[in-house]
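Take a look at the structure set out below.
Just so you know, these numbers use all the heavy atoms, side chains as well, and skip hydrogens, waters and symmetry mates. For clarity, every value in this text was computed on a predicted model and none was experimentally measured.
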Amino acid sequence: MNTTVSCELHLRLVVSSESSLPVPAGLRYDTGDPYAVHATFHTGAEETVEWVFARDLLAEGLHRPTGTGDVRVWPSRSHGQGVVCIALSSPEGEALLEAPARALESFLKRTDAAVPPGTEHRHFDLDTELSHILAES
């Protein structure tokens, strides 16, 4: 049986050094996919953008800059508060988001309780995943 950990966050989309926009977001972690955190960014009334991050990437980004290419994460401060900056890049464009560090850390602690770091392989069924991939081909 899979366990799901979820969290609703209010992120900030950095538009310029003086301006940002609120972006409601949901994070979801499922023990059936123990290496990943699924993020849903609410960009409009009914529009969403979905991204999948490595859980380790978000956890490391709480403490030091990490990531290359499409996703980069690093700790920072904004208006006196600890934030985690998440820079996303895709063919459709780029975005810089600020997540409240405490909320992200709390979410990641709950995922660690569900699947302790380093034990993900015990929750990952490679045969089932390969069957799904081959069935989609």
Report yes if some heavy atom in the side chain of [X] is under 4.5 Å from a heavy atom in the side chain of [Y]; otherwise report no.
X   : Y   : value
L97 : V14 : no
L11 : F41 : yes
L13 : T43 : no

Rounded to the nearest 0.5 Å, what separation is found between the [atom1] atom of [X] and the [atom2] atom of [Y]?
X   : Y   : atom1 : atom2 : result
L96 : S76 : CG    : OG    : 9.0 Å
C85 : E98 : SG    : CD    : 5.0 Å
L27 : T40 : CG    : OG1   : 8.5 Å

For the student: nearest non-hydrogen atoms of [X] and [Y], plus distance:
X   : Y    : result
P65 : P75  : N-CD, 4.0 Å
A39 : F53  : CB-CE1, 3.4 Å
S89 : W51  : O-CH2, 3.5 Å
V5  : F107 : O-CE1, 3.6 Å
L62 : A101 : CD2-O, 4.0 Å

Expected output: side-chain [X] to main-chain [Y] donor-acceptor under 3.5 Å:
X    : Y    : value
Y29  : P34  : yes
T31  : T3   : yes
R55  : T111 : yes
E120 : G118 : yes

For R12, all residues meeting side chain to side chain donor-acceptor pair (under 3.5 Å), sequence neighbours excluded: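 Side chain to side chain donor-acceptor pair (under 3.5 Å) check on R12 returns S20.
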
ILVMFWY network linking [X] to [Y], side-chain heavy atoms under 4.5 angstrom:
X    : Y    : value
V115 : L104 : yes
L88  : V49  : yes
V37  : Y35  : no

Side chain to side chain donor-acceptor pair (under 3.5 Å) between D33 and H38, intermediate numbers included: CA-CA 10 Å; D33 189 6; H38 298 259; 3.0 Å; yes

Verdict with reasoning, C7 to R110, per side-chain contact (heavy atoms from CB on, under 4.5 Å): CA-CA 10 Å; C7 173; R110 292 188 294 131; 3.7 Å; yes

